[in-house]
Peer 1: 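So that we are looking at the same thing, I have put the structure below in structure tokens.
Along the sequence shown, residues are numbered consecutively beginning with 1.
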Amino acid sequence: LAKAYADAGQKTEAIQAAQQALHRSSGVLPLDEQAQLHHLLGRLLRDTGQLDQSIHQLSEAIRIAPQSLNSYLELGLTQEERRQFAPALDTYKKAISIYPTDARPYHQAGLLLKSSRDYPAAESMLRKAAERDPDNVDIHRQLAALVALNLVHSRQPVSTEI
């Protein structure tokens with residue numbers, strides 16, 4: 001029901017349904033379904049601006065299903081919205097350690113590093129993302145822009161002495 005409400009754009013109803021399902025399940029739901037509900041609830045709470053609650057729900061999803069890449073990515077985005085950049089980067093690094101062949105955590109880490117103006121590290125992450133997903137045009141565009149930005153920021157001043 002919670003997923004149906006979410007798909008219909010009724011976020012408040014979806015949140016309530018997911019909370020009730022988790023509360024009433026009392027451990028009866030299989031772990032994968034519990035993790036999915038926590039993930040859904042975390043995403044919906046982030047969408048409605050309830051970031052602390054979102055982080056709690058996503059952390060629960062990860063605790064129950066530590067191999068859930070989507071929960072790590074969602075948690076990282078939520079931490080970024082809370083301006084918790086170091087924990088967000090740690091979350092992306094954890095996702096990278098679990099899924100080293102998936103481009104998404106590298107991509108998200110690269111964007112985070114770019115926004116914190118660590119251009120060399122951001123370029124490195126985006127290069128790794130591009131290696132893992134060579135057909136992703138968005139990653140290549142961001143990488144090209146970052147390479148140009150890196151060149152501008154690393155330029156040595158031109159000497160005026162003759």
Side-chain angles (χ1 to χ4, degrees), residues 1-25 29 31-130 132-133 136 138-143 145-146 149-150 153:
L1 181 60
K3 186 169 179 350
Y5 276 134
D7 290 344
Q10 297 175 324
K11 293 179 183 176
T12 303
E13 292 82 359
I15 290 169
Q16 290 171 350
Q19 288 172 331
Q20 286 178 3
L22 285 169
H23 179 70
R24 290 183 180 168
S25 71
L29 278 176
L31 289 179
D32 64 324
E33 289 182 29
Q34 287 180 38
Q36 289 173 10
L37 274 173
H38 282 291
H39 176 87
L40 175 64
L41 192 51
R43 185 174 50 82
L44 291 166
L45 289 166
R46 182 172 73 86
D47 289 347
T48 60
Q50 300 174 61
L51 302 180
D52 289 338
Q53 291 178 30
S54 174
I55 287 173
H56 172 74
Q57 294 299 328
L58 292 166
S59 296
E60 277 298 299
I62 289 169
R63 184 186 64 76
I64 294 168
Q67 301 299 316
S68 173
L69 176 60
N70 290 331
S71 292
Y72 283 102
L73 296 175
E74 194 72 34
L75 177 60
L77 289 172
T78 306
Q79 290 167 323
E80 282 187 61
E81 283 189 32
R82 287 213 62 231
R83 318 281 299 157
Q84 296 175 331
F85 300 121
L89 187 57
D90 289 342
T91 299
Y92 295 137
K93 286 180 179 179
K94 179 71 174 172
I96 288 168
S97 72
I98 296 170
Y99 289 95
T101 59
D102 196 300
R104 295 175 295 169
Y106 293 99
H107 185 207
Q108 288 307 122
L111 295 177
L112 173 62
L113 290 163
K114 179 184 173 192
S115 70
S116 63
R117 298 184 180 179
D118 186 349
Y119 301 127
E123 181 180 338
S124 173
M125 284 292 183
L126 287 176
R127 283 188 187 283
K128 290 175 183 176
R132 283 149 181 84
D133 190 359
N136 189 320
D138 186 45
I139 292 173
H140 287 283
R141 283 184 189 144
Q142 290 170 353
L143 178 58
L146 193 57
L149 192 60
N150 235 348
H153 283 283

Peer 1: Would the distance check show the side chain of Tyr106 and the main-chain N or O of Ser124 forming a donor-acceptor pair, the cut-off being under 3.5 Å?
Peer 2: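 Absent.
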Peer 1: Not counting sequence neighbours, which residues clear side chain to side chain contact (heavy atoms under 4.5 Å, CB included) with Tyr119? List them please.
Peer 2: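 Result, side chain to side chain contact (heavy atoms under 4.5 Å, CB included) vs Tyr119: Lys114, Arg117, Leu146, Leu149, Asn150, His153.
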Peer 1: Is the backbone of Leu29 close enough, under 3.5 Å, to the side chain of Gln34 for a donor and an acceptor to pair up by distance?
Peer 2: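 Yes, Gln34 side chain to Leu29 backbone: donor-acceptor pair under 3.5 Å.
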Peer 1: To the nearest 0.5 angstrom, please state how far the CD atom of Gln79 sits from the CD atom of Glu74.
Peer 2: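 Between Gln79 CD and Glu74 CD, I get 11.0 Å after rounding to 0.5 Å.
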Peer 1: Using a 3.5 Å cut-off and no angle test, enumerate the donor-acceptor pairs between side-chain atoms of residues 4-17 and protein atoms at least two apart in sequence or in another chain.
Peer 2:
residue	atom	partner	partner atom	Å
Asp7	OD2	Lys3	NZ	3.2

Peer 1: Between the main-chain N or O of Pro100 and the side-chain N or O of Arg132, is there a donor-acceptor pair closer than 3.5 Å?
Peer 2: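 Yes, the answer is positive, given that a donor and an acceptor are paired below the 3.5 Å cut-off.
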Peer 1: Return the set of residues passing side chain to side chain donor-acceptor pair (under 3.5 Å) with Glu80 (not counting sequence neighbours), or none when no residue passes.
Peer 2: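 For Glu80 the side chain to side chain donor-acceptor pair (under 3.5 Å) partners, ignoring immediate neighbours, are Tyr92.
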Peer 1: Hey, what do you get for CD (Glu81) to CG (Asp47), rounding to the nearest 0.5 Å?
Peer 2: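 Spacing of CD (Glu81) from CG (Asp47) equals 8.0 Å.
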Peer 1: Return the CD to CG distance between Gln108 and Leu73, rounded to the nearest 0.5 Å.
Peer 2: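 Here the rounded value is 6.5 Å.
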Peer 1: Apply the side chain to side chain donor-acceptor pair (under 3.5 Å) test between His38 and each candidate in Arg43, Gln57, Glu33, Arg63; give the one that qualifies.
Peer 2: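 With His38 as partner, Arg43, Gln57, Glu33, Arg63 yield a single side chain to side chain donor-acceptor pair (under 3.5 Å), made by Gln57.
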Peer 1: So, taking the atom named CG in Asn136 and the one named NE2 in His107, what distance separates them when rounded to the nearest 0.5 Å?
Peer 2: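 Interatomic distance, Asn136 CG to His107 NE2, rounded to 0.5 Å: 6.5 Å.
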Peer 1: Kindly say whether Ile55 contributes a backbone atom to a donor-acceptor pair with the side chain of Ser59 at under 3.5 angstrom?
Peer 2: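 Yes: the side chain of Ser59 pairs with the backbone of Ile55.
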Peer 1: Is it true that Arg82 and Asp52 make a salt bridge, defined as a side-chain N closer than 4.0 Å to a carboxylate O?
Peer 2: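 Result for this pair is yes, salt bridge flagged.
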